[in-house]
Amino acid sequence: MSAASADPDTGRGRDRERRVRAWLRVIAQTVYVPRGSAEVAAFLNAQLDALAAALEAAEFDPAAGSDVGVALVEYGLTGEDTLRRSVSLLVDEMLATGAAGDRIARVCAGLTSGYSDALRKRTLSQQENMKLALLTAKQRADRDRQASENRFREVFTTAAIGIAITDPAGRFIEANPALGDIIAVDPAELVGRPLEEFISTDEADEPPLVGLLDRRPDRRRLRRGNGETAWVSLSTSVVREAGEPVYQVAMVQDLSEQELLQARLSHQLLHDALTGLANRTYFLSRMEAVHGRCAADETLTLLCLDLDSLSLVNTTHGHAVGDRMLCAVADRLKRLFADEDALVARIGGDEFAVLVRDGADTPPVGAIAEAVQAELAEPEYHGQSGIAVGASIGVVRSTRAGMSSAELFRAAESALRRARAVGGRQWAEHDERLDKRARVVGRAAGGLPGSWENGDLVVAYAPVARLSDRRMVRVRALPHVPGARRLTGTPTVAELAELTGLSAALGPWLLGDIGPKLPVWWRLFAPVAGQDRPVHRVLLTALQSADENLSAAVNRTVAESGLPPNLLEIGLDTGAVLSGRGDAQDNLRTLKDIGVSTALHGFAGGPREVAAVERFEVGAVLLADPFEGWRPDWLPADSVPVAAVRELVARLGGLGVEVGVLGVRDAAEARWWDATGAHTGEGPAFGEPTGLDEVVAAAK
């Protein structure tokens with residue numbers, strides 16, 4: 001949603017047009033409006049502007065929701081189901097734009113309240129017209145008393161609104177049948193009794209009835225003759241003779257149905273329709289409120305749960321059974337936390353959350369998580385099948401001073417992601433160190449599309465050296481953000497792009513850079529590497545390796561360069577090839593047919609990998625770190641890892657495969673790999689990735 005109507009030709013404008021059309025459909029299905037669709041659309045557009053401005057304002061004012069509710073009533077959008085469906089649609093749209101949950105809840109509550117108040121005021125306005133008719137009839141009594149009396153009596157008797165005629169002190173003189181039904185007392189029994197006898201003043205926010213000469217409509221709680229209570233709207237008019245009050249006419253409208261409707265709408269707005277639990281909006285709002293009421297050293301425990309196999313249940317047994325499982329999970333969670341000061345919510349399709357205000361007997365987080373796992377492990381029977389859905393759980397426990405409510409929720413979801421990464425039915429507690437690293441990676445990955453869009457992402461070239469003499473024989477092209485500092489152990493730009501899916505776009509971009517550069521590298525490296533040896537290397541991620549358009553992009557690159565295809569070395573991800581991901585295997589075969597020098601990177605040396613090298617006639621392999629960060633030149637020569645690597649390199653050499661190594665630290669490590677039989681290396685020992693000019697200068 002935007003705070004102003006957008007140009008319809010823009011993405012924002014199309015979103016706005018879609019929202020207005022969706023609302024128009026709701027209006028058309030729930031109420032007849034004697035206006036053209038363009039006029040109604042313009043009105044709805046203005047209401048969306050008002051709601052969006054309130055949600056985006058620096059200082060939030062929920063009165064905007066009330067104003068929109070009033071506007072809907074004044075415009076005549078008062079069908080039986082118009083408000084409920086409009087609120088449901090608006091909540092979905094506001095949540096989709098990322099608006100704050102508490103603001104959405106308060107704006108929608110204001111909208112519902114404004115709508116109800118406006119509807120009531122419209123009714124009261126109609127009542128006032130009726131009162132004026134009664135008073136006018138009284139004033140014309142001398143001219144046409146009998147006719148006026150008949151008309152008054154007809155209105156008085158048949159009106160659906162309760163009408164009472166009292167003396168100036170408020171004692172009943174006469175009451176119509178409708179008022180008798182509202183008060184649950186026969187109208188004849190009301191004569192002489194004070195109206196105040198039936199007005200409740202038990203609530204602190206209800207001031208005593210100070211006399212009925214005040215004409216303002218007043219919302220009051222009424223005590224009925226049968227002992228029940230009901231909310232009514234009470235308004236009065238005074239009949240005067242010679243300036244002195246002689247009668248009072250009290251109009252009483254029963255608001256019970258409106259109160260029930262408002263309570264039902266509020267419940268639907270804040271609760272999940274299937275399970276009856278609090279929904280995400282209500283949960284976040286309540287969590288913020290509970291957090292604010294806690295003492296600084298008081299702790300809260302938050303669990304975020306993601307059901308592991310609900311999609312499998314839906315696929316196998318149908319969505320009706322899946323819904324039954326969701327309801328069962330909701331009931332079990334409520335039962336499990338019944339003895340705690342806790343709020344259970346369904347915050348997504350198969351996602352639940354539990355907020356616990358810790359007490360003296362609240363168990364440790366591990367015990368809570370294991371109790372949840374045990375509870376959900378019990379099967380629900382569908383016919384003869386016992387079905388259970390486990391859950392991955394993220395848990396965080398913190399004091400109010402330690403985390404804000406928003407940070408508490410973010411930390412629990414971060415722990416949930418770690419639990420899901422381990423496997424089904426696992427739980428993980430918030431770990432500040434791991435969370436900090438995940439946030440660093442997340443910020444870097446999240447900022448990468450912006451760098452790509454703004455042109456800050458460039459192609460850099462890492463030197464590839466021949467280990468025997470450490471002379472540069474080719475370069476590897478890779479995406480690079482100049483000036484960005486990469487922390488030790490964090491993903492590379494290519495790995496970050498793989499996390500966000502941006503690598504699908506970076507693959508053609510890297511290949512497109514090769515055409516004009518390949519002649520430069522050939523002139524520079526051919527005298528050293530050999531006229532027919534690869535001079536330009538590109539290592540593709542798993543997603544790029546599986547791209548169905550890879551072969552076409554490589555063909556364009558080779559054609560643009562005007563040089564033989566074997567000067568280009570393209571390495572595919574070993575895992576993507578072994579798992580048959582996408583078109584990875586077909587791409588490896590096709591690249592071989594084109595004449596491109598093929599390679600596998602991330603190579604660990606297992607039997608399946610060695611078999612793939614022989615099967616696909618791969619020209620080179622780039623070893624994954626076989627020593628897990630340890631320096632190989634510091635390890636004993638007869639150690640098992642060293643012996644295994646030497647044997648692997650020898651076997652690959654026997655197949656005529658060139659072995660390359662990434663991440664070579666220094667000259668000593670380079671000499672070790674050379675002695676082992678590896679052919680090429682890249683890493684800090686040979687220089688960091690730089691621009692074309694710097695590589696040319698270094699090679700010369």
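None of the values given here were measured: they were computed from a predicted structure.
- A perpendicular orientation is assigned to the rings of W509 and W452, their planes being inclined by more than 60° (bins at 30° and 60°).
- Note that NZ of K592 and CG of N587 are 15.5 Å apart. Values are rounded to the nearest 0.5 Å.
- The pair E413-R417 does not meet the salt-bridge criterion, since no charged nitrogen lies less than 4.0 angstrom from a carboxylate oxygen.
- For the pair R589 (side chain) and L591 (backbone), a donor-acceptor distance under 3.5 Å is absent.
- A donor-acceptor pair under 3.5 Å is formed between the side chain of T557 and the backbone N or O of A553.
- Taken to the nearest 0.5 Å, the CZ atom of R615 stands 9.5 Å off from the CG atom of L588.
- Defined by atom type and a distance below 3.5 Å, a donor-acceptor pair is present between the side-chain atoms of E498 and S503.
- The line from CG of L600 to CG of L623 is 11.0 Å long, rounded to the nearest 0.5 Å.
- T500 places a side-chain N or O within 3.5 Å of a backbone atom of A497 that can act as its donor or acceptor partner.
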| message | Go through it in stages, so that I can follow the logic: the residues are E429 and W427, the test is side chain to side chain contact (heavy atoms under 4.5 Å, CB included), and I'd like the CA-CA distance, side-chain angles, deciding distance and then a yes or no. | response | CA-CA 7 Å; E429 187 176 1; W427 69 274; 4.0 Å; yes
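- The distance from atom OG1 of T281 to atom NE2 of H271, rounded to the nearest 0.5 Å, is 11.5 Å.
- Closest non-hydrogen pair, A342 versus V354, comes out as CB-CG1, 4.4 Å.
- Taking the ring-ring contact (aromatic ring centres under 6.0 Å, His included) definition, one finds that W630 meets it with nothing, sequence neighbours left out.
- A salt bridge links R332 with E380; the closest basic N to acidic carboxylate O contact falls under 4.0 Å.
- Between L307 and V313 there is no side-chain heavy-atom pair separated by less than 4.5 Å.
- Counting only heavy atoms from C-beta outward, the side chains of H317 and I387 approach each other to under 4.5 Å.
- Between the side chain of S404 and the backbone N or O of E407, at least one donor-acceptor pair lies under 3.5 Å.
- Taking every heavy atom of both residues into account, L434 and R418 meet most closely at CD1-NH1, 3.7 Å.
- With hydrogens and angles left out, the side-chain atoms of T590 and D593 include no donor and acceptor closer than 3.5 Å.
- Taking CG from L540 and CG from L572, the interatomic distance works out to 5.5 Å, rounded to the nearest 0.5 Å.
- Between the side chain of E609 and the backbone N or O of A604 there is at least one donor-acceptor pair closer than 3.5 Å.
- E288 contributes atom CD, which lies 4.5 Å from atom OG of S405 (distance to the nearest 0.5 angstrom).
- A donor-acceptor pair under 3.5 Å is formed between the side chain of S545 and the backbone N or O of T541.
- Crowding of R608 atom CZ: a count of heavy atoms from other residues, nucleotides or ligands under 6.0 Å not exceeding 12.
- A donor and an acceptor atom, one from each side chain of T362 and E340, are located under 3.5 Å apart.
- Between L408 and S398, the shortest heavy-atom distance links the atoms CD1-CB, 3.9 Å.
- Within a 6.0 Å sphere centred on CG of N454, other residues, nucleotides and ligands contribute more than 12 heavy atoms.
- Ion pairing between D308 and R425 fails under the 4.0 Å rule for side-chain N and carboxylate O.
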| field | Stepwise salt bridge (charged side-chain N to carboxylate O under 4.0 Å, His left out) test for E432 and K436 | value | CA-CA 6 Å; E432 187 173 352; K436 183 178 180 180; over 6 Å; no
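- A 6.0 Å sphere centred on CG of D339 holds no more than 12 heavy atoms belonging to other residues, nucleotides or ligands.
- Nearest heavy atom pair, residue P479 against residue V493, reads O-CB, 3.6 Å.
- A donor-acceptor contact closer than 3.5 angstrom links the side chains of D358 and T301.
- Residues satisfying the ring-ring contact (aromatic ring centres under 6.0 Å, His included) criterion with H319, sequence neighbours excluded, are absent altogether.
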| task | Give the C-alpha distance, both sets of side-chain angles, the deciding distance and a yes or no for side chain to side chain contact (heavy atoms under 4.5 Å, CB included) between R346 and L274. | result | CA-CA 9 Å; R346 182 187 177 199; L274 177 65; 3.6 Å; yes
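- A salt bridge links R651 with E647: the distance from a Lys NZ or Arg NE/NH1/NH2 to an Asp or Glu carboxylate oxygen falls below 4.0 Å.
- A 4.5 Å side-chain heavy-atom check between M403 and H430 finds at least one atom pair inside the cut-off.
- Other residues, nucleotides and ligands place no more than 12 heavy atoms under 6.0 Å from the CD atom of E614.
- In terms of modelled atom types and a separation under 3.5 Å, the side chain of T574 and the main chain of H601 share a donor-acceptor contact.
- A side-chain contact (heavy atoms from CB on, under 4.5 Å) with F603 is found for one member of L648, V618, V657 and no other, namely L648.
- Between A388 and P379, the shortest heavy-atom contact is CB-CA, 3.9 Å.
- Counting heavy atoms from C-beta on, the side chains of L539 and L478 never come closer than 4.5 Å.
- A salt bridge is defined here as a Lys NZ or Arg NE, NH1 or NH2 lying under 4.0 Å from an Asp or Glu carboxylate O, and E569 with R476 fails to meet this definition.
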| said: Quick one, L90 with V68, criterion side chain to side chain contact (heavy atoms under 4.5 Å, CB included). Give me CA distance, side-chain angles, the key distance, then yes/no. | reply: CA-CA 12 Å; L90 290 173; V68 170; 5.7 Å; no
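- Between E351 and R420, no side-chain nitrogen of the basic residue sits less than 4.0 Å from a carboxylate oxygen of the acidic one, so the salt-bridge criterion is not met.
- In this structure, V20 and L44 approach most closely via the heavy-atom pair O-CD1, 4.3 Å.
- The backbone N or O of D81 sits nowhere less than 3.5 Å from a side-chain atom of T30 that would complete a donor-acceptor pair.
- Residues V344 and F283 are not in side-chain contact: their nearest non-hydrogen atoms beyond the backbone lie 4.5 Å or more apart.
- With a 4.5 Å cut-off on side-chain heavy atoms, N314 and L310 count as touching.
- Under the 4.5 Å side-chain criterion, counting only non-hydrogen atoms from C-beta, I347 is not in contact with N279.
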| message | Working note: L300 + C294, criterion side chain to side chain contact (heavy atoms under 4.5 Å, CB included); need CA distance, chi angles, decisive distance, verdict. | response | CA-CA 9 Å; L300 294 171; C294 287; 3.7 Å; yes
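- A salt bridge links E375 to R335: one of the charged nitrogens lies within less than 4.0 Å of a carboxylate oxygen.
- Looking only at side-chain heavy atoms (C-beta outward), L284 and F409 come within less than 4.5 Å of each other.
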